Chemist: 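Next up is a structure, given as structure tokens.
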Amino acid sequence: MRVVIAEDAVLLREGLAGLLERFGHTVVASVGDAPALVEAVAEHDPDAVVTDVRMPPGFTDEGLRAALELRRRNPELAVLVLSQYVEQTYATELLDSGGGARIGYLLKDRIGDVREFVDALDRVSGGGTVVDPEVVRQLLSRRRDPLRRLTPREQEVLGLIAEGRSNASIARELFVTEAAVAKHIAGIFTKLDLPPQADGHRRVLAVLAYLRA
């Protein structure tokens, strides 16, 4: 198959390219950041993408968000995400994209088993879904009840946020200071794993978690 690789670590990127070519695949582009990944896919129209989660410029979840964008543009594109950790905020959305077909999410430890890694890419490109057991465990743990980690007061604050209340309004309702409200909201964002880079949207994301529970 024709593959685009996105990985900021040069040695790992070159190692993946050599590995895939050894198994008969063609690496049409090998890039080191998320914008270059999007451009390479547009230029080469590959059969599959292998991408890291953390890449320049922010080294947070650029690769995962780029994969989401690519899947929105083409749900048939096979995408295998490699990560050192489970990025819960966007992982579920990625795994839901395209009906869950042609998608994979593996922790980087799996690359140590060459045959397992290549087989995973083959299954993904063939229309399957491959998810690391640790990824499944963490996502299922979160989906059972995303609000169970909140204290009763934090749940009360979140309920008022869902009503569209401002911090000042919440403070008046609960007879506390605005500083106390801000502290509760910060705790809510942390416990719901809402990313700092989505700061302007975290109240909306928190409300969505509240409504889904």
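These numbers come from a predicted model, not from an experiment. We're numbering straight along the sequence, starting at 1.
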Chemist: If I take atom CD from residue Glu76 and atom CG from residue Asn74, how far apart are they, to the nearest 0.5 angstrom?
Modeler: 6.5 Å
Chemist: Side chains of Tyr105 and Leu82, heavy atoms from C-beta outward: is any pair under 4.5 Å?
Modeler: no
Chemist: What pair of heavy atoms forms the shortest contact from Asp8 to Gly32, and how long is it?
Modeler: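 Result for this residue pair: CB-O, 3.4 Å.
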Chemist: Can you list the residues that meet the side chain to side chain contact (heavy atoms under 4.5 Å, CB included) rule with Ala101, with sequence neighbours excluded?
Modeler: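 Here no residue qualifies.
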Chemist: Report the residues that fulfil salt bridge (Lys or Arg N to Asp or Glu O under 4.0 Å) with Glu156, sequence neighbours left out, ordered by chain and then residue number.
Modeler: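 Arg153.
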Chemist: Thr60 and Glu62: which non-hydrogen atoms are nearest, and at how many Å?
Modeler: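 Between these two residues, the closest heavy atoms are N-OE1, 2.9 Å.
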Chemist: In terms of hydrophobic clustering (I, L, V, M, F, W, Y; side-chain heavy atoms under 4.5 Å; direct or indirect links), are Val3 and Val114 co-clustered?
Modeler: yes
Chemist: Does the pair Glu154 and Lys191 meet the rule for a salt bridge (charged side-chain N to carboxylate O under 4.0 Å, His left out), with working shown?
Modeler: CA-CA 10 Å; Glu154 288 169 345; Lys191 292 176 181 179; 2.9 Å; yes
Chemist: So do the side chains of Val27 and Glu21 get within less than 4.5 Å of each other, counting heavy atoms only?
Modeler: yes
Chemist: Got Leu174 and Leu160 here, is their nearest side-chain heavy-atom distance under 4.5 Å?
Modeler: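 Answer yes - side chains close enough.
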Chemist: Please name all residues satisfying side chain to side chain contact (heavy atoms under 4.5 Å, CB included) with Ala78, sequence neighbours left out, ordered by chain then number.
Modeler: Ala48, Arg102, Val124, Ser125
Chemist: Can you tell me if Gln84 has over 12 outside heavy atoms packed within less than 6.0 Å of its CD?
Modeler: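 Open: at most 12 neighbouring heavy atoms sit under 6.0 Å from CD of Gln84.
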Chemist: Any idea which heavy atoms bring Ile170 and Val157 closest together, and the distance?
Modeler: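 Nearest heavy atoms, Ile170 then Val157: CD1-O, 4.2 Å.
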Chemist: Please walk me through it: do Phe59 and Asp33 pass side-chain contact (heavy atoms from CB on, under 4.5 Å)?
Modeler: CA-CA 9 Å; Phe59 293 98; Asp33 59 67; over 6 Å; no
Chemist: Less than 4.5 Å apart, any side-chain heavy atom of Val130 and any of Ile103?
Modeler: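 Answer no - side chains too far apart.
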Chemist: According to a hydrophobic-cluster definition based on side-chain heavy atoms being under 4.5 Å apart (Ile, Leu, Val, Met, Phe, Trp, Tyr only), do Val49 and Val53 belong together?
Modeler: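 Yes, same cluster.
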Chemist: Using 0.5 Å steps for rounding, measure from the CZ atom of Arg71 to the CG atom of Leu94.
Modeler: 6.5 Å
Chemist: Does Val50 share a hydrophobic cluster with Met55, counting links as ILVMFWY side-chain heavy atoms below 4.5 Å and allowing steps through other members?
Modeler: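 Val50 does not cluster with Met55.
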Chemist: Can you find a heavy atom in the side chain of Val81 that is under 4.5 Å from one in the side chain of Leu106?
Modeler: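 Val81 vs Leu106: side chains apart.
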Chemist: Considering non-hydrogen atoms only, spot the tightest contact between Val31 and Arg13 and give its length.
Modeler: O-CD, 3.1 Å
Chemist: With a 4.0 Å cut-off, would you call Lys108 and Asp52 a salt bridge?
Modeler: yes
Chemist: State, with a plain yes or no, whether a side-chain heavy atom of Leu121 is found less than 4.5 Å away from one of Leu20.
Modeler: yes
Chemist: Looking at Arg65 and Glu69, is any side-chain nitrogen of the basic one under 4.0 Å from a carboxylate oxygen of the acidic one?
Modeler: no
Chemist: Any side-chain heavy-atom pair from Phe23 and Arg115 closer than 4.5 angstrom?
Modeler: yes
Chemist: Of the non-hydrogen atoms in Asp45 and Arg2, which two are nearest, and what is the gap between them?
Modeler: O-NH1, 3.0 Å
